[in-house]
A.B. asks: 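Supplied in structure tokens, the structure appears directly below.
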Amino acid sequence: MTAVDQKSVATKRPRTQSLSRLMAWIGGEFPDDIPSAAEVKAVAPPDLEVRHEILRLELEAEVARLQAETDAILAEAVAEGRVVEIPGDAPPA
């Protein structure tokens, strides 16, 4: 073969769909397709009940963190021999 087939070089071959979406995004190519209902639902914010549960768990974790911090401060005070009055405890009679 000594000649290049100009017709095969001149025609642009269509891109195959083998490129992953990530590779297409990195390459600056954005698909023109419209997301499906499942894709839209996958990135939608959670419903109200789920948001309430997330908030409840966050608050529960914050209470646990503060309780642990309080326990650490009290343990440090006791170890140093400081007198500690715990709020809510009745004074010794």
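As the structure is a prediction and not an experimental result, all values here were calculated from the model.
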A.B. asks: List for me each residue that meets side-chain contact (heavy atoms from CB on, under 4.5 Å) alongside Val43, sequence neighbours excluded, and say none if there are none.
C.D. replies: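 Result, side-chain contact (heavy atoms from CB on, under 4.5 Å) vs Val43: none returned.
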A.B. asks: Applying side-chain contact (heavy atoms from CB on, under 4.5 Å), can you list everything that pairs with Glu80, at least two apart in sequence or on another chain?
C.D. replies: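 By the side-chain contact (heavy atoms from CB on, under 4.5 Å) rule, Glu80 matches Glu76, Arg82.
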A.B. asks: Which other residues belong to the hydrophobic cluster containing Val50, where Ile, Leu, Val, Met, Phe, Trp and Tyr are joined when side-chain heavy atoms lie under 4.5 Å apart, directly or via other members?
C.D. replies: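 Ile54, listed by chain and number.
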A.B. asks: May I ask you to list the residues sharing a hydrophobic cluster with Leu55, side-chain cutoff 4.5 Å, ordered by chain and number?
C.D. replies: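 Leu55 shares its hydrophobic cluster with Leu59.
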A.B. asks: Show every side-chain hydrogen bond (donor to acceptor under 3.5 Å, both in side chains) that has at least one partner inside residues 53-62, sequence neighbours left out.
C.D. replies: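 Those involving residues 53-62 are Glu53-Arg56, Arg56-Glu60, Glu62-Arg65.
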A.B. asks: Taking only residues two or more places apart in sequence, or in another chain, which ones meet Asp71 in a side-chain contact (heavy atoms from CB on, under 4.5 Å)?
C.D. replies: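 Residues passing side-chain contact (heavy atoms from CB on, under 4.5 Å) with Asp71: Gln67.
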A.B. asks: Quick one: CD on Glu69 to CG on Leu74, what's the gap to the nearest 0.5 Å?
C.D. replies: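 It is 11.0 Å, given to the nearest 0.5 Å.
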